[in-house]
Amino acid sequence: MAHTQKLSPNRFHAYMASFSKRAFGTPSAAVLSIVIFGALGYWTWLAVDWAIFRAVWSAENVAHCTEEAGACWSVIDARHRLILFGLYPYEEHWRSTFACLSIIATVIISCFPATWTAKRLTSLWVAGFAAYYLLMEGSLLGLAQVTTDGWGGLSLTLFLFASVVLLGMPMGLGLALMRRSEMPVVRSFAVIVIDTIRSLPLLTTLFTAAVVVPILLPSWLEGDKIWRVIIAFSLFFGCYQAEVFRGGFQAIPKGQFEAGKALGIGYWKIMARIILPQVFRHALPSTINMVVVTFKETAIVIIIGFFDVLASAKAAFGTGEWAPHYMEVYVFVGAIYWTFIFSLGQYGEYLKGRMALSTH
Amino acid sequence: MTTTEVLRKKSRQRKITIQVLLVIISIIAIWGAVSSAQVNLAALGITNGFGFLDRSTGWDYSFSLVERSINDPYSKTLVIGFQNTIFVGFISIFFATIFGFIIGTGRDSSHPGVKAAATVFVQTFRNIPLILQGVFLYSVLIHFPGPRQSMSFADSVFLSNRGLMLPGLNVSPSVAVALILAIASVAVLLVWRKVPLLRGLIIWIAAAISMSVIVAFVMRPEGEPLLSIPSLKGLRFNGGITVSIELVAMITAITLYGSAYIAEVVRGGLKQVPSGLIEAGQAVGLTQGQIWHRIKMPMSLRSIIPPLGNQWIFIMKATTIGIAIGFSDMFYIVSNSITQSGQTLELIFLLMAAFLTVNFSISIFTNWLNNRLKLKAH
């Protein structure tokens, strides 16, 4: 009986048969299904009704935003430039748009397996980051110069994200190699750095970079606050990424390294030609996970005084006129984060599944 | 000397050089940091050392478990901040672990409805930054109606913009703390005596309830009922426990976020149980619940504990978002103290030492738990 169901020529029918057996097979399962699907359906209806059917869409119609109306998207219509670009000069917003697109394009392109060689990925990220920086800063392209103080909103969040990943990746690799070193001093140095940073909250690390480091450095070495924070954030990323790489190293038989040595190949060449390409492959799903976490964690910089997308969202409903519509602004920003994190996360899961299949 | 020996010697020398260089560079970096700190602090007119701990602070903050005043010295204020972090951290860890196990089991369920609900939960709360969830919840709570129009459940739990009012035992705070510690030590004792999971849980809940009732009966003020239930008197509530909205927002946000992560850890552990074992359980006629607590849980707990410990440490670290919604956790207190006293280095040192101690203790505990559960050598 069960066999005939499984062998059904139509996969959809087979799925539906199995679904209804699991959901409505016994009376208690049926009751559970009705309650859960009923509740989920009802909440979805409430959310859709609020966000779409009863919503007010344009800034001119703000008068319609009453208690009875649903979401008042007028606030987004009126303030979306502030949320996306912060205090960047209004006429130059096209630069910010293209800069953001270049980062997003970089992330999307690096999801294609064709780019998965160290050289291609590095050049892709460096190019994407350079495009962003040149467009935003502007002076090298002959555009009006806008310093990092003027950057804000989603574009600042994307800037932090891209620079942390770009700087943190080599740090992570370096720390992972140091941790595997045969030299005890080098190894314990890496262990101390990695374990300390990983035990401290990210906020403490960033706060130290922003507030304490200026005391510890002579003034000529101090640099910009934003770069100090980015370097500290990259160190945080690097320490976690080092552990991801360590997992990748553990998957590679020691014999491969020894075989390389026996053939008289030097350390760096063995690493670059034999070990690392495989490490990267094994570590890829967890690396994507780390990248996603980093994007999510950038939201914390609001606390140390950066005007990221969360800070600009707060500013967007900060004026009296829009104050009642804080919910819409948070939902909008939450949706931006959610879309990005969810899709990258799903991609990571898919990749993990595919790799698990390929190794067996 | 043969070529091999020459090469070996060269390689050894190179390794020694590299390590010596690393040590020298570290020493120079530390020395440079110390000397420029001295120069910079002297320029700011700040004296080093922990003498400031005895000075009184002169500022107030949102939450403490013990009596506080603005005349408290820095040392007491910092201890309160540390208490608050531990307090919120442990409560969130407790709830996040329970919800995480429930939702993780739901993710593993064969019932499509349960699976869908658990998946929606995980994908919602895991994919939005914690700090965004925290400030969002806080904004929603401060826009709640006042005590008169508060939301109430069964006329004993009220939620308004003043906070969450819960019925509580009619005992003084110090007795309550002692009671909580006693209940926690029962849990430790049960784990230590290796009582099986489900039975231990039942014993623990029964012990907790009976201890609470007895303590409340003995320690309550003369002639008062066992439970103090909040009730509206004029513009405010009397009786019960008042949980401020900062605390509600913190605990809810961290619990939801943490439980979504723990649910994924639990799901991963459950997935590793060989299906043959589960089918064997079905074959001998065990129910779903029996299969869960006699086969799936004991088998998967070994792979769940290490990442679960990491999640606990994560939750402890996540309490630092308190500053975004005005909850006076350790980070908030340290950051405020730095602004007020200027003793940056000492305060950051204390902050780091506090987190390193707590997280190190958690990892020692999970390692111990892990060793305890490990299969003994055959």
Side-chain angles (χ1 to χ4, degrees), chain A residues 19 22-23 25 29 32-37 39-40 43 181-186 189 196 198-204 207-208 211-219 221 292 295-300 302-303 310 313-314 317 324 326-327 330-331 333-335 337-342 345-346, chain B residues 15-16 18-20 22-23 26 32-37 39-41 44 46 109-117 120 123-124 126-133 135-136 139-140 143 310 313-314 316-321 323-324 331 334-335 338 344-345 348 351-352 355-356 358-360 363:
Chain A
F19 177 86
R22 282 179 294 142
L32 201 58
S33 297
I34 290 168
V35 171
I36 292 176
F37 285 119
L40 284 179
W43 287 330
S181 165
E182 292 167 350
M183 297 175 261
V185 175
V186 176
F189 180 81
T196 313
R198 276 163 48 98
S199 303
L200 292 173
L202 170 62
L203 189 54
T204 314
F207 187 77
T208 309
V211 177
V212 183
V213 168
I215 298 178
L216 299 179
L217 288 180
S219 49
L221 243 172
V292 173
F295 184 69
K296 204 162 34 173
E297 294 279 337
T298 53
I300 209 119
I302 183 182
I303 293 177
L310 191 50
K314 276 188 154 178
F317 64 80
Y326 66 96
M327 183 100 81
Y330 279 139
V331 168
V333 174
Y337 272 114
W338 192 86
T339 314
F340 192 91
I341 295 168
F342 177 75
Q346 289 303 103
Chain B
K15 280 176 185 162
I16 292 173
I18 292 176
Q19 301 189 60
V20 170
L22 187 65
V23 172
S26 310
V34 169
S35 61
S36 58
V39 173
N40 289 335
L41 289 177
L44 290 169
I46 292 168
S109 162
S110 61
H111 188 278
V114 175
K115 205 174 188 167
V120 168
Q123 298 293 14
T124 310
R126 208 172 59 134
N127 292 329
I128 296 174
L130 173 62
I131 185 166
L132 177 55
Q133 297 188 36
V135 291
F136 174 72
S139 305
V140 170
H143 286 85
N310 286 341
I313 291 179
F314 174 81
M316 221 56 226
K317 295 194 282 185
T319 55
T320 48
I321 64 155
I323 193 168
F331 184 80
V334 165
S335 152
I338 286 178
T344 317
L345 295 180
I348 283 284
L351 176 67
M352 288 184 170
F355 271 107
L356 289 177
V358 174
N359 291 337
F360 195 56
S363 62

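We name chains A, B, ... by the order of the sequence lines, and we start the count at 1 in each one. The basis for the numbers below is simple: all heavy atoms, side chains too, and nothing from hydrogens, waters or symmetry mates.
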Roughly how far, to the nearest 0.5 Å, is the CD1 atom of B:I131 from the CD1 atom of A:I303?
3.5 Å
Anything under 30° is parallel, anything over 60° is perpendicular, the rest tilted; go ahead and classify A:F207 against B:F331.
perpendicular
Contacting region of A:L216 [heavy-atom separation from chain B under 4.5 Å]:
both
In Å and rounded to the nearest 0.5 Å, what is the NZ to CG distance from A:K296 to B:L132?
11.5 Å
Engaged part of A:V35 at the chain B interface, taking heavy atoms whose separation is under 4.5 Å:
neither
Part of A:I34 lying under 4.5 Å from any heavy atom of chain B
neither
Any residue meeting side chain to side chain contact (heavy atoms under 4.5 Å, CB included) with A:L217, in chain and number order, not counting sequence neighbours:
A:V213, A:L221
Interface check, chain A: of B:V135, B:V120, B:I348, most non-hydrogen pairs under 4.5 Å belong to B:V135
Evaluation steps, side chain to side chain contact (heavy atoms under 4.5 Å, CB included), between A:T208 and B:M352:
CA-CA 10 Å; A:T208 309; B:M352 288 184 170; 3.5 Å; yes
Taking all atoms of both residues into account, what is the closest heavy-atom pair of A:R22 and B:H111, and its distance?
O-CD2, 3.7 Å
Donor-acceptor under 3.5 Å (B:K317 side chain, A:R198 main chain)
yes
Please rank B:S26, B:A116, B:P129, B:G113 by heavy-atom pairs under 4.5 Å with chain A and give me the top one.
B:P129
Given heavy-atom pairs under 4.5 angstrom as the criterion, report whether the side chain, backbone, both or neither of A:I215 touches chain B.
both
So, do A:P184 and B:Q19 sit near enough that their side-chain heavy atoms are less than 4.5 Å apart?
yes
Apply side chain to side chain contact (heavy atoms under 4.5 Å, CB included) to residues B:I128 and A:I341 and explain how you reach the verdict.
CA-CA 8 Å; B:I128 296 174; A:I341 295 168; over 6 Å; no
Specify the closest pair of heavy atoms between A:Y326 and B:V140, including all atoms of both residues, with the distance to one decimal.
OH-CA, 3.5 Å
Which atom names give the shortest non-hydrogen contact between A:P214 and B:N40, and what distance separates them?
O-ND2, 3.3 Å
Are B:F136 and A:M327 close enough, and set up right, to give a side chain to side chain contact (heavy atoms under 4.5 Å, CB included), and what steps lead you there?
CA-CA 8 Å; B:F136 174 72; A:M327 183 100 81; 3.4 Å; yes
Could you tell me which of B:L41, B:L356, B:I313 has the largest number of non-hydrogen atom pairs under 4.5 Å with chain A?
B:L356
B:F360 and A:S199, any side-chain heavy atoms less than 4.5 Å apart:
no
Answer with side chain, backbone, both or neither: which region of A:F342 has an atom nearer than 4.5 Å to a non-hydrogen atom of chain B?
both
Relative to chain B, which of A:L310, A:V212, A:L200 shows the most heavy atom pairs under 4.5 Å?
A:L200
Max heavy-atom pairs within cutoff under 4.5 Å with chain A, candidates B:A37, B:S335, B:P112, goes to B:P112
State the CD1-CD1 distance between A:I300 and B:I323, to the nearest 0.5 angstrom.
10.0 Å
Roughly how far, to the nearest 0.5 Å, is CD1 of B:I16 from CE of A:M183?
11.0 Å
What part of A:F189 is in contact with chain B, defined as an atom under 4.5 angstrom from a non-hydrogen atom: side chain, backbone, both or neither?
side chain
What residue, out of B:V334, B:V20, B:V114, has the most heavy-atom pairs lying under 4.5 Å from chain A?
B:V114
In terms of heavy-atom proximity below 4.5 Å to chain A, should B:N127 be classed as side chain, backbone, both, or neither?
both
How long is the span from the CG atom in A:L202 to the CZ atom in B:F314, to the nearest 0.5 Å?
9.5 Å
With a 4.5 Å cut-off on heavy-atom pairs, point out which of B:V39, B:T319, B:I18, B:V358 contacts chain A the most.
B:I18
